[in-house]
Amino acid sequence: MAGAGGGRDHGGIVAGAWALAPLTRRLTDDGRLLGVGLLLLGGCCLAVLVSAAVPSAWLLVPIWLLGGLLNGGNNVVSNVLLARRVPEAARGRAYAVLGAAVQGAGMVGLAVGGLLLDLADPRPLVAACGTVGLLAVAAFAVPVLRAARAAGSTP
């Protein structure tokens, strides 16, 4: 998945993946695991939003590391859910589609962000991205909670 730090948070991503792997083994309920994934994704978006307000570049380091940690955990959750829910014969294709969607979204975001920099300062754009991400996570949380409850799961 795309890193919250745009490639500068790889240490956090590795640490997050390593730290969350045992949790994914213990969480056998896919609804709960999806809920954890949404929380992690919301945390990534919050890190982006908070980073727009920092007065010093040095303060970005812990924020990006935390965002990377959450992102790495979300990567593990996403991959485990995909492996659990997609039949073995179709997993390669499913991972390819997921990877293409993530990479394609990153390329589109980079292009749109570059164009928007001609119209606005970076801080408001970064804040807007974090805010829109949080709103999207909140919007998806409602149907996920409903579906998990209907299936007898609790995220």
Side-chain angles (χ1 to χ4, degrees), residues 1-54 56-110 113 126-155:
M1 307 307 111
R8 293 172 295 279
D9 58 347
H10 291 169
I13 291 173
V14 170
W18 179 75
L20 266 286
L23 175 67
T24 61
R25 279 193 290 272
R26 286 193 305 266
L27 278 177
T28 57
D29 183 321
D30 289 350
R32 281 201 149 153
L33 194 55
L34 183 56
V36 169
L38 283 172
L39 282 173
L40 293 168
L41 188 57
C44 291
C45 295
L46 184 61
V48 171
L49 178 60
V50 169
S51 72
V54 298
S56 164
W58 286 106
L59 293 175
L60 287 176
V61 173
I63 294 169
W64 286 132
L65 284 173
L66 177 61
L69 186 84
L70 298 168
N71 186 23
N74 191 51
N75 291 345
V76 170
V77 167
S78 298
N79 286 324
V80 167
L81 281 170
L82 192 128
R84 286 182 186 173
R85 308 290 288 186
V86 174
E88 187 176 352
R91 282 190 197 139
R93 186 174 302 149
Y95 280 113
V97 168
L98 176 63
V102 168
Q103 295 301 318
M107 289 188 298
V108 168
L110 188 62
V126 171
C129 289
T131 301
V132 169
L134 284 170
L135 291 173
V137 168
F140 277 101
V142 172
V144 165
L145 286 170
R146 281 189 193 136
R149 285 190 185 124
S153 172
T154 309

Give the minimum heavy-atom separation between Ala141 and Leu38, together with the two atoms involved. CA-CD1, 3.9 Å

Check side-chain contact (heavy atoms from CB on, under 4.5 Å) between Ala83 and all other residues, then give those that pass, not counting sequence neighbours. Arg91, Tyr95

What's the spacing between Leu60 CG and Trp58 CH2 if we round to 0.5 Å? 11.0 Å

For residues 129-137, which side-chain donor-acceptor pairs fall under 3.5 Å, sequence neighbours excluded?
{"unit_1": "Thr131", "atom_1": "OG1", "unit_2": "Ala127", "atom_2": "O", "d": "2.9"}

Heavy-atom distance under 4.5 Å between the side chains of Leu98 and Asn79, does that happen here? yes

For Gly67 and Cys44, the nearest pair of non-hydrogen atoms, with its separation, is O-SG, 3.6 Å

Can you find a pair of side-chain heavy atoms, one from Leu46 and one from Leu70, that are under 4.5 Å apart? no

To the closest 0.5 Å, what do you measure between CG (Asn74) and CG (Leu41)? 5.0 Å

From Ser78 OG over to Leu34 CG, what is the distance, rounded to the nearest 0.5 angstrom? 8.5 Å

Considering residues at least two apart in sequence or located in another chain, which fulfil the side-chain contact (heavy atoms from CB on, under 4.5 Å) criterion with Ile63? Ala47, Val50, Ser51, Val54

Taking side-chain contact (heavy atoms from CB on, under 4.5 Å) as the definition, give me every residue that meets it alongside Thr28, ordered by chain and number, with sequence neighbours left out. none

Is there side-chain contact between Leu145 and Phe140, with at least one heavy-atom pair below 4.5 Å? no

Arg84: partners by salt bridge (charged side-chain N to carboxylate O under 4.0 Å, His left out), with sequence neighbours left out: Asp30

Which pairs pass salt bridge (charged side-chain N to carboxylate O under 4.0 Å, His left out) with one or both residues in residues 92-105, sequence neighbours excluded? none

How far does CG of Asn71 sit from SG of Cys45, to the nearest 0.5 angstrom? 10.0 Å

